[in-house]
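These notes are about the structure you will find just below.
It should be emphasised that the depicted structure is a prediction, and the values quoted were computed from it without experimental measurement. Lettering follows sequence order; numbering is per chain, from 1. Only heavy atoms go into these numbers, but all of them, side chains included; no hydrogens, no water, no symmetry mates.
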Amino acid sequence: MASAPENEKNASAPEKKTLTLKSMINNEEFVVDEHVALQSVTIKNMVDSDCAGDVIPVPTISGEILALVIEYCKNHANPSASEDDLKKADAGIVAKDIYTLIDLVLAANFLDIKGLLEVTSQKIADSIKDLPHQDVREIFGVENDYTPEEEAAVRAEHDWAFEGFP
Amino acid sequence: MDFPAITGSDNESCDPDRHRKRRNTDQSPVYEPTSVDRISDLHDSLLVHILSLLPIEDAVKTQVLSKRWQHLFTHIPSLVFRYVYRDSYHSDDEYDESDPMRDFVTFVEKTLTLCNCSKLKKLGVYFEYDSDYVCNVDLWACIAAGKGTEELHLEFDSEEDFFDESDRYELPQLLYSNSSFRELRFSRCHVVPKGVVAWNSLKKLSIGYVKLSDDKLVLRDIWEDIWEDTLSDEEQIDNSDLEISGPNLQSLEILGHLKSCRVGDVSSLVDATLNCDLLNLIIDDDESVLNMLKGLLKSLAHVKNITLGKWVMQVLSMMEAQGLRSPLLECECLTLDTDIQKAVLPGIANLLESSPNLKTLVITLSSSGYRQYFWPIVTELLNYDEKHYWTSQKRTFKCLMLHLTEVKFSGVSWNYLDLYFSFVQFLLKNARVLQKMVIDAPREDGRNPTEVSLKLLSFPRSSPNVVVMCSERNG
C-alpha cells in the first residue's frame, strides 16, 4: 500500500515503486512508476487516501488510450526533458484522428491531467475549426433539432460571424 | 490555466467500480465508441473549454449545431475579438451599404451582452477604433469591469496614421478603480486617470502609441511582490522588464517594487521620480544593479526635476564606495525622498558631484518614501565614519560653487539629527551662492526647539546673502 509521505522518497530511491493501471474496458494492464502515474490528480488522490489497491482499475478508458496517457505522463515526468522536447512529444501524442482525440480528452478529464487536457482540447479545436457544421455534428454526435426557420434565425442573429460561411 | 469546473465529481470519488457498473449494465463490455456515447460523456464544461480555444466567431457559429449548443458559447470565459478585413465585403454592387466595422462592433456587443460568465478571464478587442463607437466601447469596458475581468486588452491600432491624435478612445474613469485587473494592454487609448488608480492586482501594463504630452501618468500604490510593468510607446520589448519609452512623456513616476527597469526615449521629460525598489537588489548581484541604475540615470540625464528615493540613494552610495560616479545630470532641482542616514551620505555626495547645474535641493520624506527601507548590508559595506563625513570632504562641488541657491529640508527626522546638523553645516559653509535655506522640522516633546534653531542659525555661511528659516511643524 502506498501512502502519501513515502511518495517523494520512493520517487528518488533506487528501487522505484510501481503501480499497475488496468483498463476496465479491455482488461489491459500497465505497470508504471508511481511518480509517473501520480501526474494524474485522480490517481494521486486515490493513492493519498489509501483507496488504491495493488492494481488500480481505470474505468471507461481503453487500453489503447491508456497507453497514450501513460506515454504523456512518462514524457512529463522526465526531469531532463526540455520544453522543446516536450512540445514535440505532445504533438506526436495528439497526432491522432478526431475520435481518438475525444477519447483522449475524456481520459485526461477523468484522470485530471491538466497538461494533457490542454493539448488535446487545443488539437480538437484546431481540427473542427474549419469543418462544415454537418461534419462537426457527426463528430460530436449532435442531432440538429432546429427547424429550418429556427436555424435561419440563429444565423441571422450573428451575421458577422456567419459572413461568407456556408 | 485553471478549469475547476471541468473535472467533475468523478475525481472525488475513489470508488472506481461506479463507472464499471454503469458501463457493464448499459452496454457491451467491448469498447465500441458510438456518437451517443461521446455526446453524453462530453460535459458541457468540457465542450465550453474546447470552444474557448476556437476563434470567437467560430465558437459563436457552433450554436447552429443544435439547441443544446445554442448557449454553450455564452459560457466561454475568455473572449478575444479581432477585426479581420474581409474581401467578401467588396461587392461589385455600388449600392452595397454593408459596413463591416459596424457589423463587427455589433457582433462584439451581442456576444458580450449574451455572456453568461459571472467572471471573465479575458476580454480583448482589436480593431480600428473611431469615435463613432465611443458608446459601444464604453459599454464593453463597463461589462469587463463588472465581470471582474483579469485581463483587458483594448488595442485600437490603425493601419495608417499611427500618430494621428484624433479619434483616440479615452478610457472611462470606472476602469481606474477596478482592482481585479491583472493585465492591461491599451493601444491608441488616452490613459488619463482623474482620481486614484487602484489597479492593486496589476502585474503587467502596456500602454502603446499614446500621447501623454500634457498628461501626467502616475501609477502608485501598486505593491506586488513582483510588479511587471510595461509601458511603451513602441512595441513591447521584454515582458518581464519595465520598459518605458515615450518621446512625448513629460512626467514620469516609477514607484513600487520592480524586477528590472529600463528607460528608453523620454526626450521631453521634465519631471522624473525614481522611488522604486528592485527585488533581490544587492546581495546576489550588485554589479547588475549598479549598472541598471547607471542606465536609468543616464536616460534621465536631461531631466530638470528629479526625485530619488531611498533605494536609489543607497545604490548611489554603493557606487560612491566603489569609486563610480553617477552619470552626469543636467538636473536643476533634486529632491531626495529619504532620511539623512549613514547609508545615503555617500550617495548624496555622488549626486552633488554629478549635478553641476543644481539650483534647488530638497530633502524630504514622503509617504511612499517611508515604505522603503534601509538595507543593513549597505550600511555594513560602507565602512566609514558618518559623523565626520562632510567635514572630511576634500572635493569641491561645482554646483555648490556656482548654482545652488535654495535648500529645503522638510520632514526632518530627529533620529538622525546630528547627521542633519552636519549636512546643513557643510552646505552653509560651501554653498557660495546660496540664497535661501528652509528647515521645516517637527516639534517633539522633550526637545527644546529654540535650541535646535539657534544651533542651525549659528553655523558659519559662505554666501553673504543667505536667509536661513527654521520653522517647526506641529505634530
A/Leu117 side chain reached by B/Leu46 side chain, heavy atoms, under 4.5 Å: yes
From CD (B/Gln63) to OH (A/Tyr146), nearest 0.5 Å: 6.0 Å
Residues forming a salt bridge (charged side-chain N to carboxylate O under 4.0 Å, His left out) with A/Lys123, sequence neighbours excluded: none
From CD1 (A/Ile102) to CD1 (B/Ile50), nearest 0.5 Å: 7.0 Å
Sub-4.5 Å side-chain heavy-atom contact between B/Lys61 and A/Arg155: no
Spacing of A/Glu138 atom CD and B/Leu65 atom CG [to the nearest 0.5 Å]: 11.5 Å
Structural part of A/Glu143 lying under 4.5 Å from a heavy atom of chain B: backbone
Any residue meeting side chain to side chain contact (heavy atoms under 4.5 Å, CB included) with A/Asn75, in chain and number order, not counting sequence neighbours: A/Glu71, A/Leu86, A/Ala89, A/Ile93
Donor-acceptor contact below 3.5 Å, side chain A/Asp145 vs main chain B/Ser66: no
B/Asp58 CG to A/Asp130 CG distance, which is reported to the nearest 0.5 Å: 6.5 Å
NZ/B/Lys67: more than 12 non-hydrogen atoms of other groups inside 6.0 Å: yes
B/His49 side chain reached by A/Asn109 side chain, heavy atoms, under 4.5 Å: no
NE2 on A/His133 to OG1 on B/Thr62, rounded to 0.5 Å: 6.5 Å
Other residues, nucleotides, ligands: >12 heavy atoms within 6.0 Å of A/Lys96 NZ: yes
Nearest-0.5 Å distance that lies between atom OG in A/Ser121 and atom CG in B/Leu53: 6.0 Å
